[in-house]
Number of protein chains: 2
Amino acid sequence: MDATPRPLAPASLKLHIRVADQLGVAIVRGDYKAGETLPPESQLCEMLGISRTAMREALRSLIAKGLLVSSPKRGTRVRDPRHWSHLDPDILRWRVEVTDTDTYLKKMFELRRATEPAAAALAAVAATDEDRLQLQSDFQAMVDAGADNARWVEADLAFHRSIYFATHNEFFWPIGQLFSFGLRQMFEIAARGDHRPRAIIEHGDVLRAIIERKPSMAHAAAVTLIGNATSDVVLIRGHDLEP
Amino acid sequence: MDATPRPLAPASLKLHIRVADQLGVAIVRGDYKAGETLPPESQLCEMLGISRTAMREALRSLIAKGLLVSSPKRGTRVRDPRHWSHLDPDILRWRVEVTDTDTYLKKMFELRRATEPAAAALAAVAATDEDRLQLQSDFQAMVDAGADNARWVEADLAFHRSIYFATHNEFFWPIGQLFSFGLRQMFEIAARGDHRPRAIIEHGDVLRAIIERKPSMAHAAAVTLIGNATSDVVLIRGHDLEP
DNA sequence: TGAAACATATTGTATGACAAATAGCGATAA
DNA sequence: TTATCGCTATTTGTCATACAATATGTTTCA
């Protein structure tokens with residue numbers, strides 16, 4: 001029906017990026033299963049009508065993200081998904097293409113529920129003045145958003161991402177990165193609810209606890225915030241996200 | 001003094017991997033700071049005496065891991081560390097080279113404390129029979145290790161890693177990967193303590209809770225386990241890991 | 001003053017050749 | 001028959017060179 005089902009790789013982008021996208025989606029979708037070997041480079045090249053240079057750079061990207069391994073004569077094989085960098089923005093994007101929304105939103109929520117209270121508590125201890133100003137301004141942007149849904153969502157995402165960065169623990173940062181793209185959809189869903197007054201209060205509680213350097217209070221406030229966010233999404237989508 | 005200070009890149013490995021390692025360490029160490037642009041490819045090539053092909057494949061890997069961005073004429077720039085894939089095994093390895101041990105162990109512990117109880121609880125709900133068998137056999141290997149430190153450490157690492165995989169939530173898996181390399185050092189430290197009887201009991205508690213599908217019990221047992229593990233490491237190293 | 005055309009540096013792509021590694025086969029010997 | 005060694009062929013890895021595409025800065029012109 002649709003000749004161009006998904007404009008995932010606009011022609012403007014570099015060739016090796018488009019190819020990596022194409023292969024990445026195919027792998028994530030399961031066209032090539034774990035342990036399987038891809039066709040040899042030469043064959044892949046003529047299949048797509050590109051040079052080996054571009055193809056190898058595309059493969060090199062996928063190898064770096066843990067999707068593939070290669071060795072001479074053995075070929076290029078798909079690794080077990082346990083080795084993939086699932087928090088990588090590209091891989092996440094490919095997953096979103098092929099996984100149903102509810103499933104991946106639910107899984108991300110499970111991770112958030114584990115990490116965000118801890119991140120808030122760490123931020124309360126480790127945040128610099130600059131971090132506090134950033135959180136303050138993210139929060140202010142939420143307040144100022146008014147009825148503008150788009151602005152609200154951006155500010156909301158920025159606020160949560162800033163919490164992760166304020167931990168000054170780089171192992172938390174990849175999770176914070178999810179607030180740039182992977183969680184936008186969830187926030188857009190939640191933004192349609194008429195719960196903004198309550199959301200502002202709850203975000204304010206987290207902000208205050210961090211600014212006043214009270215880790216346990218920050219932890220508690222984040223737990224409350226996420227709990228209610230869950231309820232909102234559940235309510236709006238009509239599914240139970242936590243069986 | 002020492003001509004080969006660190007055997008990070010044995011000559012056996014592929015050239016582009018050695019180069020990526022070298023550049024990766026240099027970037028992580030701060031030789032090239034965030035926002036800075038690297039020398040042009042041509043120059044990098046003649047600096048190291050290699051072809052542009054190999055150099056570009058090395059750069060492509062670093063770009064895929066979020067360390068670099070490149071565009072024509074603008075050159076190749078170092079990205080803000082917030083965009084790096086800090087859970088990636090390679091990046092972790094490079095960090096270990098240049099960061100003091102206590103700092104990165106402490107930060108990893110902070111992440112574990114947040115995620116591992118949640119992972120155990122999820123595993124109690126989502127684990128398949130195969131997952132349960134795996135955990136069982138990891139645990140048995142710990143018991144069977146006897147006085148063999150190396151076996152104990154391997155089994156211990158495997159047990160914790162298996163918990164993350166048993167969540168069937170792929171966003172937890174990159175954290176579980178840390179138990180393959182990044183946390184070995186910590187486990188080796190803890191293994192020197194004479195607390196094995198207690199450790200076996202505590203690991204057994206987590207295992208039983210997961211097998212009997214009791215999430216809140218698994219959560220609690222994991223909290224206890226990590227709490228004591230922290231004490232052990234603190235005791236042995238003589239530092240306070242949590243200020 | 002401003003905008004548009006042009007020169008230039010740098011990354012991106014193509015091509016063709018050769019090197020290195022390794023799985024699989026075959027030959028050889030015990 | 002069985003095990004070991006070595007050969008061959010396939011596939012990835014590296015090299016050299018040329019040209020294309022893109023963004024920057026400068027120069028020219030209205």
Side-chain angles (χ1 to χ4, degrees), chain A residues 8-24 26-27 32-80 83 90, chain B residues 8-24 26-27 32-80 83 90:
Chain A
L8 189 145
S12 68
L13 285 179
K14 302 295 170 219
L15 180 55
H16 66 264
I17 294 181
R18 294 199 307 260
V19 174
D21 267 16
Q22 193 173 336
L23 285 174
I27 293 168
Y32 301 102
K33 299 189 184 62
E36 240 173 273
T37 78
L38 269 55
E41 290 173 359
S42 54
Q43 200 170 325
L44 285 172
C45 291
E46 73 175 320
M47 280 164 62
L48 301 182
I50 66 172
S51 74
R52 235 186 113 200
T53 313
M55 175 56 73
R56 280 183 60 83
E57 295 206 4
L59 293 173
R60 193 57 56 204
S61 297
L62 300 181
I63 291 170
K65 293 177 191 298
L67 268 64
L68 301 171
V69 279
S70 68
S71 44
K73 172 70 181 179
R74 261 191 294 208
T76 305
R77 304 182 300 292
V78 178
R79 297 184 79 187
D80 188 289
H83 293 95
D90 291 322
Chain B
L8 190 145
S12 68
L13 286 180
K14 303 295 172 219
L15 180 57
H16 66 264
I17 294 181
R18 293 199 310 259
V19 174
D21 266 17
Q22 193 172 337
L23 285 173
I27 293 168
Y32 301 102
K33 299 192 184 61
E36 243 174 271
T37 78
L38 269 55
E41 290 173 357
S42 54
Q43 200 170 326
L44 285 172
C45 291
E46 71 175 322
M47 280 165 61
L48 301 181
I50 66 172
S51 75
R52 235 187 112 201
T53 312
M55 175 56 73
R56 280 183 61 83
E57 295 204 7
L59 293 173
R60 193 56 58 205
S61 297
L62 300 181
I63 291 170
K65 293 177 192 299
L67 292 177
L68 300 171
V69 280
S70 68
S71 44
K73 173 69 182 180
R74 261 193 294 207
T76 305
R77 303 181 300 291
V78 178
R79 297 184 78 186
D80 188 289
H83 293 96
D90 291 322

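Residue numbering restarts at 1 for every chain, and letters A, B, ... go by the order of the sequence lines. Please read all numbers here as calculations on a predicted model, not as lab measurements. Both backbone and side-chain heavy atoms feed into the values below; hydrogens, waters and symmetry mates do not.
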Practice item. Find the distance A/E41:CD to C/dC18:C1' and express it as a whole number of Å. Key: 15 Å
Check your understanding: Between C/dT11 and B/T76, is there an OP1 or OP2 to side-chain N/O distance shorter than 4.0 Å?
Key -> yes
Check your understanding: Want to settle it: does B/M55 or A/G75 sit nearer the 5' end of DNA chain D, counting the closest nucleotide to each?
Key -> A/G75
Practice item. Measure the shortest side-chain to side-chain distance between A/I27 and A/L68 over non-hydrogen atoms and say whether it is less than 4.5 angstrom. Key: yes
Review point. What's the verdict on salt bridge (charged side-chain N to carboxylate O under 4.0 Å, His left out) for A/R77 and A/E36, showing C-alpha distance, side-chain angles and the deciding distance?
Key: CA-CA 5 Å; A/R77 304 182 300 292; A/E36 240 173 273; over 6 Å; no
**Study point:** Spacing of B/L38 atom CG relative to C/dT11 atom C1', expressed in whole Å
**Key:** 13 Å
Practice item. Consider the side chain of B/P72, meaning its heavy atoms from C-beta on, and name the nucleotide among D/dT11, D/dT14, D/dT22 that approaches it most closely. Key: D/dT22
Check your understanding: Given the rule in the side-chain contact (heavy atoms from CB on, under 4.5 Å) test, do B/V69 and B/T76 qualify, once you have shown the distances and angles that lead to the verdict?
Key -> CA-CA 6 Å; B/V69 280; B/T76 305; over 6 Å; no
Check your understanding: So, is A/R74 near the phosphate of C/dA23, with a side-chain N or O under 4.0 Å from OP1 or OP2?
Key -> yes
Review point. Separation of B/L13 atom CG from D/dT12 atom P, in whole Å?
Key: 18 Å
Check your understanding: Counting just side-chain N and O atoms, does B/R56 come under 4.0 Å of either OP1 or OP2 of C/dG12?
Key -> yes
Check your understanding: NA contact type, B/R77, heavy-atom cut-off 4.0 Å: base, sugar-phosphate, or nothing?
Key -> nothing
Review point. Can you tell me how far C1' of D/dA23 sits from NZ of A/K14, to the nearest Å?
Key: 10 Å
Point to revise | NZ-OG distance between A/K65 and B/S61, expressed to the nearest 0.5 angstrom | key: 10.5 Å
Practice item. Let me know the distance between CZ of A/R60 and C1' of C/dT11, rounded to the nearest Å. Key: 19 Å
Exercise for review: Could you state the atom-to-atom distance from CG of A/L59 to P of D/dT11 in whole Å?
Suggested key: 14 Å
**Study point:** Rounded interatomic separation in angstrom, taking CG from A/L15 and C1' from C/dT15
**Key:** 15 Å
Exercise for review: Give a yes/no on whether any side-chain N or O of A/H16 is located under 4.0 angstrom from OP1 or OP2 of C/dT13.
Suggested key: yes
Review point. Distance check: side-chain N/O of A/S51 vs OP1/OP2 of C/dT13, anything under 4.0 Å?
Key: no
Point to revise | Selected nucleotide, minimal atom distance to A/K73 side chain, candidates D/dT11, C/dG12, D/dT12 | key: D/dT11
Point to revise | Which nucleotide in D/dC15, D/dG13, C/dT13 has an atom nearest any side-chain atom of B/I50 | key: D/dC15
Review point. Think B/S42 has a side-chain N or O under 4.0 angstrom from the OP1 or OP2 of C/dT10?
Key: no
Review point. Closest to the A/T53 side chain: D/dT12, C/dA14, C/dG12?
Key: C/dA14
Point to revise | Taking every non-hydrogen atom, the tightest pair across B/K33 and B/V78 | key: O-CB, 3.4 Å
Check your understanding: Side-chain N or O of A/R52 less than 4.0 angstrom from OP1 or OP2 on C/dG16?
Key -> no
Check your understanding: Over how many whole Å does the gap from A/Q43 atom CD to D/dT12 atom P extend?
Key -> 10 Å
Check your understanding: Between atom CG of A/L59 and atom CZ of B/R60, what is the distance when rounded to the nearest 0.5 Å?
Key -> 12.5 Å
